[in-house]
Amino acid sequence: QVQLVESGGGLVQAGGSLRLSCAASRRTFSSYVMGWFRQAPGKEREFVAAITWNGDMSYYADSMKGRFTISTDNAKNTVYLQMNSLRFEDAAVYYCAAAPRTAWGRRKPNDFDYWGQGTQVTVSS
């Protein structure tokens, strides 16, 4: 069983930065690709970024590339999403997810097997 718990969401001013964290079980880090997704009201869940279990490779949605950075700290069993230059359209519930390691490179929510509860990011003017 995989446990994923997000934290770090909150209210941030447009142009500001926020770092989200996802605490995961050791099993998750040894066997899975880790990802971040987001979902705004009325929209489908959207891929943000993903990273290999050991943090050596990552990939991003085009709209997030250059502003967001995904990283891991295996010693802490934690995945991070650093978000910079935040915009109003970045407001959403952000979810941490895990997929089998063979799914690396995939971007669809149904390719990821385990999910956290989500953390809300709100962007103000």
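We number each residue from 1, following the sequence as shown.
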My understanding is that only residues two or more places apart in sequence, or in another chain, count here; which of them pass side-chain hydrogen bond (donor to acceptor under 3.5 Å, both in side chains) with Gln117?
Glu6

If the condition is side-chain hydrogen bond (donor to acceptor under 3.5 Å, both in side chains), which residues does Asn84 pass it with, not counting sequence neighbours?
Ser17, Gln82

Separation between [atom1] of [X] and [atom2] of [Y], rounded to the nearest 0.5 Å:
X	Y	atom1	atom2	value
Leu20	Tyr80	CG	OH	12.0 Å
Thr78	Met34	OG1	CE	9.5 Å
Leu4	Tyr32	CG	OH	10.0 Å
Trp104	Thr52	CH2	OG1	8.0 Å

Could you list the residues that satisfy ring-ring contact (aromatic ring centres under 6.0 Å, His included) with Phe68, not counting sequence neighbours?
none

The criterion is ring-ring contact (aromatic ring centres under 6.0 Å, His included); which residues satisfy it with Phe47, sequence neighbours excluded?
Phe37, Tyr59

Residue pair Ala49 / Leu81: nearest heavy atoms and the distance that separates them
CB-CD1, 4.5 Å

Disulfide bond (SG atoms under 2.5 Å apart) contacts in which one or both residues fall within residues 77-123, not counting sequence neighbours
Cys22-Cys96

Quick one: which residue pairs count as a salt bridge (Lys or Arg N to Asp or Glu O under 4.0 Å) with a foot in residues 49-63, not counting sequence neighbours?
none

For residues 63-72, the salt bridge (Lys or Arg N to Asp or Glu O under 4.0 Å) pairs (sequence neighbours left out) are Arg67-Asp90

Non-neighbouring partners of [X] that pass side chain to side chain contact (heavy atoms under 4.5 Å, CB included), sequence neighbours left out:
X	value
Gln13	Ser124
Ala92	Arg38, Ala40, Tyr94
Thr122	Leu11, Gln120

Those residues that, when tested against Arg19, pass salt bridge (charged side-chain N to carboxylate O under 4.0 Å, His left out) (two or more places apart)
none

Residue from Ile70, Ile51, Val48 passing side chain to side chain contact (heavy atoms under 4.5 Å, CB included) with Tyr60:
Ile70

Under a 4.5 Å cut-off applied to non-hydrogen side-chain atoms, are Met83 and Trp36 in contact?
no

Does a side-chain heavy-atom distance below 4.5 Å link Ser63 with Glu89?
no

Would Phe112 and Arg45 count as a side-chain contact (heavy atoms from CB on, under 4.5 Å) if you check the C-alpha gap in whole Å, the side-chain angles of each, and the deciding distance to 0.1 Å?
CA-CA 12 Å; Phe112 287 72; Arg45 194 161 296 188; over 6 Å; no

